[in-house]
Amino acid sequence: MKRTGLLPALIGVIMPCCLHAAPPAGDADMNAFVNHLMNRMTLEEKIGQLNLLSAGFGVTGPEISTDIENKVEHGLAGGVFNVYTPSAVGKLQSLAVNDSRLHIPLLIGFDVIHGHKTIFPIPLGLSCTWNPAAIERSARIAATEATADGVNWTFSPMVDICRDPRWGRIAEGAGEDPYLGAQIARAMVRGYQGDDLARSNTLMACVKHFALYGAAEAGRDYNTVDMSRLKAYQYYLPPYQAAVEAGVGSVMTSLNEINGVPASANHWLITDVLRKQWGFNGFVVTDYDAVSEMTDAGMGDLPKDAELAMKAGVDMDMVSETYLKYLSELFTRGEIPESMINQACRRILEAKYKLGLFNDPYRGCTEARARAEILTPENRKAARELAEQSFVLLKNDQQILPLKKSGTIALVGPLADDRQNLLGSWRAAGDWRRAVSVEAGISNAVGSAVTVLHAKGANLIDDPALRATLKAFGEDIPVDSRSPQQMLSEAVAVASNADTVVAVLGESSGMTGEAASRSHIGLPECQQKLLRALVKTGKPVVLVLMNGRPLTLNWEAEHCGAILETWFGGTEAGNAIADVLFGDYDPSGKLTATFPRDVGQIPIYYNHKNTGRPYAGDPGYKYVSRYLDVSNNPLYPFGYGLSYTTFSYGNVELSQTNLTGDETLLASVDVTNTGQYASEETVQLYVSQPAASVTRSVEDLRGFQKVPLQPGETRKVTFRITPEDLKFYNPELEYDWEPGTFIIHIGGSSSQLKSAPLIWNRQAVPAQSE
Ligand code: NOJ
């Protein structure tokens with residue numbers, strides 16, 4: 001083992017690892033340390049720090065990096081991702097700290113998106129809990145497991161607002177609302193990073209994809225984004241900003257262009273907004289190959305791409321190695337000043353310093369720690385609780401649910417006994433063999449008290465071309481060798497012998513997530529056929545859905561007795577689904593993305609504008625904003641979700657109806673559990689302003705509270721509202737509030753609200769003299 005003997009802090013590299021390294025001292029020490037180190041670095045070594053390589057533990061982009069060990073040894077990599085386990089990381093880290101000239105440790109990145117090995121529900125599902133504290137806990141657990149497995153940097157949270165369920169990546173975010181998205185962004189950053197990045201169980205977070213990636217035209221992944229700045233600030237940027245305010249250590253640029261300029265070449269976005277307006281002082285990494293892909297996007301050749309990215313403010317180049325190849329030449333030609341390269345290098349070294357990597361590059365990571373901290377019973381318990389909370393009961397006619405723990409159930413569908421899809425499209429290091437299927441969950445819950453008859457009924461997908469595409473993505477969709485008719489007949493026979501049918505249907509996980517846009521967002525046809533046949537038996541049908549996006553479900557909503565949306569519920573999905581089906585947990589999830597009736601309604605979202613010709617429900621009146629062939633309303637709106645119990649809302653009571661300046665308004669409502677089950681209601685607060693200098697949404701979410709209620713219990717739920725909650729971006733892009741009339745709405749869904757108006761002025765209005 002070599003010693004530098006020159007940099008005092010680097011001597012720590014060769015000392016035995018301690019589990020909680022001493023936190024790094026203040027900024028002055030960090031600056032002194034980084035200055036000292038950079039003074040010894042060649043230009044090539046500085047550029048090396050800006051290079052991020054992808055190893056092959058997961059394939060998350062078009063290519064895998066080559067010659068990784070050699071590059072690490074020669075100081076030509078600042079980090080490696082798609083690698084984990086104490087031994088694999090230890091080997092790479094040891095090459096960096098023992099064999100490279102300056103012994104600089106590596107960032108070790110991985111997509112720990114909704115859990116590392118204990119997998120939580122997909123982020124869209126997590127958001128439906130409306131429970132930032134629980135989501136923070138899931139991120140904390142993910143950080144503990146991932147760091148025990150050698151990772152020190154995660155590419156999460158993904159906070160892209162999305163109003164278009166054709167986009168497969170809607171699964172990875174928190175839905176359509178900027179306020180809720182911002183709360184969740186903060187919670188996740190806190191969960192990953194804790195209050196001290198140098199602790200051995202904290203991960204550096206990376207908020208992504210900056211920016212506006214969720215607004216890809218026509219929902220097609222990577223597609224063009226063209227959006228007014230006003231719309232961007234009002235609806236799309238708040239969650240990224242919230243992550244920055246929460247202290248996120250890094251930001252990932254997106255793969256799309258914004259108003260003609262790719263995100264990774266976008267100086268306005270990265271330097272003006274992110275650094276100057278929001279004060280971000282961490283580092284910016286691109287998404288996978290985003291720098292070199294600017295050539296196909298139409299920006300020029302590879303050296304030009306590198307120049308544009310560097311000048312826009314990108315510090316680290318993910319995989320494309322464009323910086324590695326061209327920055328030095330660009331410097332020699334005078335296109336890029338050395339100060340820019342120095343600045344980027346400094347930011348990467350600072351991140352490593354903050355992570356304590358110069359004290360302990362292995363961050364206390366050992367096989368024993370990994371065994372002790374990963375997939376523990378407590379972690380699995382948390383995953384089960386979060387999964388229960390993430391499910392959304394969309395329909396429950398005649399209280400079909402909860403099911404009795406007796407009688408006979410027909411458990412049908414290609415996802416009923418599935419474990420591979422339960423972990424979603426970002427399973428990270430998750431092992432589906434450790435996941436609990438619905439079938440196993442039901443058996444755990446009811447043992448032999450319920451007779452469960454099984455039939456697959458249909459394949460997930462019959463279309464061989466789509467199956468082949470999904471296989472090319474690494475997903476192998478198992479195919480039953482029986483004919484569709486044979487499978488269907490078996491399912492119908494089984495259903496006919498049962499009291500209730502539970503049909504577990506949906507998308508394959510590969511039909512969701514990255515590069516998985518769909519133009520039809522219903523259930524695959526073969527599954528629709530199965531469902532029709534099951535309904536035809538006349539037995540009550542409970543549809544349990546697994547999917548990564550809002551689906552179009554008109555027929556299903558009309559004909560199934562109950563519909564439970566379970567997304568992809570993670571490692572404990574099956575147990576959690578059984579808990580809900582049999583009433584051990586009363587579902588409380590609420591939608592965070594609108595379910596359209598028809599793809600033609602997309603984009604469809606609750607916080608839309610009124611227009612000058614709003615539709616008031618009279619179909620005989622022509623000149624209004626509406627469709628001739630479908631309602632304007634969604635099938636299931638934002639904020640919607642049933643429980644087995646029922647809730648009633650009293651009228652909105654306001655502490656005042658005439659306010660001035662910085663006063664505080666208290667808005668209250670009595671919420672009563674009018675049903676038979678103890679449950680939790682998510683009480684939502686929306687604010688609208690009918691007249692302002694820019695047109696406002698019909699309503700904007702500004703608060704929510706989860707309230708536990710016993711049967712018969714009433715609670716007064718109070719929201720404190722200040723001018724901060726009235727703010728929006730005006731035509732000059734200033735974030736401020738404007739006096740006027742406001743309407744406060746409170747309720748259990750964006751479309752079921754009680755309302756009360758008030759006036760809020762900047763200053764007291766002087767009394768009129770006679
Ligand atoms: C591409 C994806 O867009 C991004 O979300 C992910 O973090 C990177 N690949 C790294 O795997």
Side-chain angles (χ1 to χ4, degrees), residues 51-65 68 77-84 106-116 122-124 139 142 146 151-162 167-174 185 188-189 192 203-216 219-223 225 239-240 243 248-258 262-264 283-294 297 314 316-321 424-430 473-474 509-510 512-517 548:
N51 191 32
L52 177 62
L53 303 172
S54 171
F57 275 53
V59 180
T60 60
E63 57 176 331
I64 289 176
S65 305
I68 294 178
V80 180
F81 72 107
N82 278 336
V83 58
Y84 57 90
L106 293 165
L107 289 172
I108 301 290
F110 197 58
D111 287 286
V112 180
I113 307 292
H114 49 110
H116 179 61
I122 57 168
L124 185 59
V151 178
N152 54 44
W153 180 31
T154 178
F155 303 131
S156 175
M158 187 282 216
V159 303
D160 303 321
I161 294 296
C162 181
W167 192 52
R169 302 199 79 170
I170 194 172
E172 302 176 39
M188 293 190 78
V189 171
Y192 290 132
L203 278 178
M204 180 167 282
C206 182
V207 65
K208 71 186 187 186
H209 306 84
F210 196 57
L212 319 184
Y213 185 32
R220 184 157 53 74
D221 209 359
Y222 318 124
N223 205 5
V225 174
Y240 308 103
V248 73
S250 60
V251 173
M252 184 189 294
T253 59
S254 53
L255 291 161
N256 53 284
E257 67 167 68
I258 295 152
S264 302
F283 73 94
V284 175
V285 62
T286 67
D287 200 346
Y288 218 108
D289 275 344
V291 182
S292 60
E293 288 175 4
M294 290 201 282
V314 166
M316 193 175 225
D317 171 11
M318 186 189 284
V319 183
S320 82
E321 300 201 6
S425 66
W426 266 131
R427 63 198 49 186
F473 291 0
S509 56
T512 76
E514 187 170 353
S517 298

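Being a predicted model, the structure only gives us computed values, none of them experimental. For ligands, and for the atoms within them, numbers begin at 1 and follow the listed sequence.
- Annotation for ligand 1: atoms under 4.0 Å from non-hydrogen atoms of Met252 are 7 (O).
- Using a distance-only test at 3.5 Å, with no hydrogens or angles considered, a donor-acceptor pair links the side chain of Ser250 to the main chain of Ala205.
- No donor-acceptor pair closer than 3.5 Å links the side chain of Ser292 to the backbone N or O of Ser320.
- Between Phe110 and Phe81, the distance from one ring center to the other does not fall under 6.0 angstrom.
- Taking the ring centroids of Phe283 and Trp153, they lie under the 6.0 Å cut-off.
- Close contacts between ligand 1 and Lys208 involve ligand atoms 4 (C), 5 (O), 6 (C), 7 (O) [criterion: under 4.0 Å to a heavy atom].
- With ligand atoms numbered from 1 in the order given, ligand 1 contributes 3 (O), 4 (C), 5 (O) to contacts under 4.0 Å with heavy atoms of His209.
- Those atoms of ligand 1 that come under 4.0 Å of a heavy atom in Phe81, given as number and element, are 10 (C), 11 (O).
- Of the protein's heavy atoms, Asp111 OD2, 3.3 Å lies nearest to atom 10 (C) of ligand 1.
- At a cut-off of 3.5 Å, with distance as the only test, no side-chain donor of Tyr192 or Thr154 sits close to an acceptor on the other residue.
- Ligand 1 has an N or O atom lying under 3.5 Å from an N or O atom of Asp287, backbone or side chain.
- Tested against Tyr213, the residues Asp221, Asn256, Asp287 include a single side-chain hydrogen bond (donor to acceptor under 3.5 Å, both in side chains) partner, Asp221.
- In Thr60, the parts holding a heavy atom less than 4.0 Å from any atom of ligand 1 are both the side chain and the backbone.
- Ligand 1 is never approached by Glu172 to a heavy-atom distance shorter than 4.0 Å.
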